[in-house]
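Let me begin by presenting the structure, written as C-alpha cells, before commenting on it.
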Amino acid sequence: MTPVASKIYTDDVSLLMVLIDTNPFFWNSINSTLSFSKFLSNVLAFLNSILLLNQLNQIVVIATGYNSCDYIFDSAASQNHNQRAENLLQKLEDFVHKDESLCRDDSVDGPGFSLLSGSLSMALCYIQKVFRSGPLHPRPRILCLHGSPDGPGQYVAIMNAIFSAQRSMVPIDSCIMGAQHSAFLQQASYITGGVYLKPQHLDGLFQYLSTVFATDLHSRSFLQLPKPVGVDFRASCFCHKNTIDMGYICSVCLSIFCKHHKKCSTCGSDFGQAQTQDSSTPDRKRKISVDK
C-alpha cells in the first residue's frame, strides 16, 4: 500500500483521539478492582497533563458504548477552559444513560462487547477532516482505553480501520484494562506502529498513562517504550465469527471460513469440491522428444 501524501507536521504538537470504553457490563464485572468513577478521575488527570505539555495540543474524546458511540469532548471547541472537565463528565453521563436505555436485555452473559469498530471509524473520520483543513496541523494518534472482550462480529470492520490508519500513518495505542488481552488491538498497535500495554496494577493507571502514552510521536524515538510480545495474528471466520488457526479462503474476495461451503456468503462465488489426488493415478506430464 502506498501511504498518503506527506504533510507538514509540527514536531511536538499532538492530536490525541481518546476512545473510552463505557460498556456497563464490563465495568460491573471489574467494579471491585477498578470502579468507573476512579477510572475517569485517572483519565481526566491524564488529559489535563496532555493539554499542559503544549498549549497547541488537541484532545478529542469518543465514548465507546455497548450499543452506540459518540463524540463527547473536543478541546478545540471548548471555549471555557475552566469548565472542560465538567462538560466532559456531563456529556459522558448523558451518553451512558442513552446507551443503557438502548439495551434492556438482561440476557447478556459476562462483560459483553463494545462498538470498538464504530469508535475507530469515527476517530479516523475526524483525523481525515484535520488532514484536509490545511498543510499545518498536529500529528494525530489514537489511544484506545479498552476493557471489553473482542467482538468477533466486528473483525472485518476493525481490520479495515486498522489498514486505513496504517495508510494514513496514524498509530493506534492500546491500554487494556480487562482480564484478557485484546487480539484486535494487539494487531492494531503492531501494524500501525503504536504501543500496546496491559497494566499489571490498575491502581496505578495514571502512572501508566503519563509515562507511556503522554509522549508525542517525535519524542518516542528517544524513549524505550513497551515492545509488542506474542501478538495474536489469528483471524476470525466470516461464518461463525470464531477465531481459527486454519480455514478456507475465498480466492475472489478473501473471505475466511472455518468449514467448506458450496458458495461464498460474501461475494457469491461458487466453490468446487475439494479433489483428492489418487496416488495410483499415473503422472500425466507430457514428454516431448527433441530430435537432434
Side-chain angles (χ1 to χ4, degrees), residues 18-40 42-43 46 62-67 69 96 99 103 105 107-120 123 142-162 165 171-192 194-209 211-213 225-247 256 258:
V18 183
L19 278 53
I20 297 179
D21 190 354
T22 62
N23 181 7
F25 302 104
F26 163 71
W27 288 108
N28 289 335
S29 64
I30 66 164
N31 188 43
S32 59
T33 305
L34 179 67
S35 63
F36 187 59
S37 59
K38 187 175 180 179
F39 163 75
L40 288 180
N42 287 291
V43 173
F46 168 70
I62 300 177
T64 307
Y66 181 80
N67 300 279
C69 46
V96 171
D99 187 61
C103 180
D105 188 4
S107 62
V108 178
D109 296 330
F113 311 121
S114 59
L115 291 179
L116 178 61
S117 59
S119 58
L120 281 175
I142 299 175
L143 173 59
C144 299
L145 303 177
H146 199 71
S148 302
D150 294 334
Q154 305 179 55
Y155 172 75
V156 178
I158 290 178
M159 293 307 298
N160 288 336
I162 293 173
I172 299 178
D173 298 332
S174 307
C175 182
I176 306 301
M177 295 161 292
Q180 299 178 349
H181 286 276
S182 171
F184 291 166
L185 290 178
Q186 279 183 336
Q187 298 182 40
S189 299
Y190 181 84
I191 293 174
T192 61
V195 178
Y196 178 90
L197 178 67
K198 187 178 183 301
Q200 297 180 356
H201 305 285
L202 294 179
D203 292 339
L205 180 61
F206 174 74
Q207 283 77 8
Y208 288 105
L209 294 175
T211 55
V212 178
F213 300 106
L225 297 177
K227 301 294 183 182
V229 178
V231 181
D232 188 357
F233 288 106
R234 292 182 299 172
S236 297
C237 65
F238 286 32
C239 46
H240 301 92
K241 312 302 181 184
N242 296 326
T243 302
I244 58 176
D245 296 316
M246 298 181 64
I256 304 173
C258 60

Do F39 and L202 pass the side-chain contact (heavy atoms from CB on, under 4.5 Å) test, and can you show the C-alpha distance, the side-chain angles, and the key distance before you say yes or no?
CA-CA 9 Å; F39 163 75; L202 294 179; over 6 Å; no

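From L225, atom CG reaches atom CG of L197 across 10.0 Å, with rounding to the nearest 0.5 Å. Expressed to the nearest 0.5 Å, how far CG of N42 lies from CG of L205 amounts to 5.0 Å. In this structure, CG on D203 lies 8.5 Å from OG1 on T33, to the nearest 0.5 angstrom. F36 CZ to I30 CD1: the interatomic distance, rounded to the nearest 0.5 Å, is 10.5 Å.
Listed here is the closest heavy atom pair of S114 and Q154: O-NE2, 2.9 Å. In terms of heavy-atom proximity, C69 sits nearest to G118 at SG-C, 3.6 Å. A pairwise comparison of heavy atoms in C175 and F213 identifies CB-CE1, 3.8 Å as the closest pair. Shortest non-hydrogen contact noted between I172 and T192 is N-OG1, 3.0 Å. Across F26 and G147, no two heavy atoms sit closer than the pair CE1-O, 3.2 Å. Across Y66 and L115, no two heavy atoms sit closer than the pair O-CG, 3.9 Å.
Residues meeting the side-chain contact (heavy atoms from CB on, under 4.5 Å) test with Y190, sequence neighbours left out: P228, V231, F233. Applying the side-chain contact (heavy atoms from CB on, under 4.5 Å) test to T211 and every residue at least two apart in sequence or in another chain returns nothing.
Ring-plane geometry between F184 and Y155 is classed as tilted, the angle between the planes lying from 30 to 60 degrees on a 0 to 90 degree scale.
Looking only at side-chain heavy atoms (C-beta outward), S174 and H146 stay at 4.5 Å or farther from each other. Residues I158 and D150 have side chains not in contact (no heavy-atom distance under 4.5 Å, counting atoms from C-beta outward). Side-chain contact between Y196 and Q187 is absent, with no heavy-atom pair separated by less than 4.5 Å. Side-chain atoms of L145 and M177, non-hydrogen and from C-beta on, do get closer than 4.5 Å to each other. Contact check for C144 versus L120: side-chain heavy atoms found under the 4.5 Å cut-off.
At least one donor-acceptor pair closer than 3.5 Å links the side chain of W27 to the backbone N or O of D21. Using modelled atom types, no side-chain atom of D99 and backbone atom of G65 make a donor-acceptor pair closer than 3.5 Å. No donor-acceptor pair under 3.5 Å is formed between the side chain of T22 and the backbone N or O of V96. When atom types are taken as modelled, the side chain of Q186 and the backbone of H181 share no donor-acceptor pair closer than 3.5 angstrom. In this structure, the side chain of N23 engages the main chain of F25 through a donor-acceptor pair within 3.5 Å.
At most 12 non-hydrogen atoms from other residues, nucleotides or ligands lie less than 6.0 angstrom from CD of Q180.
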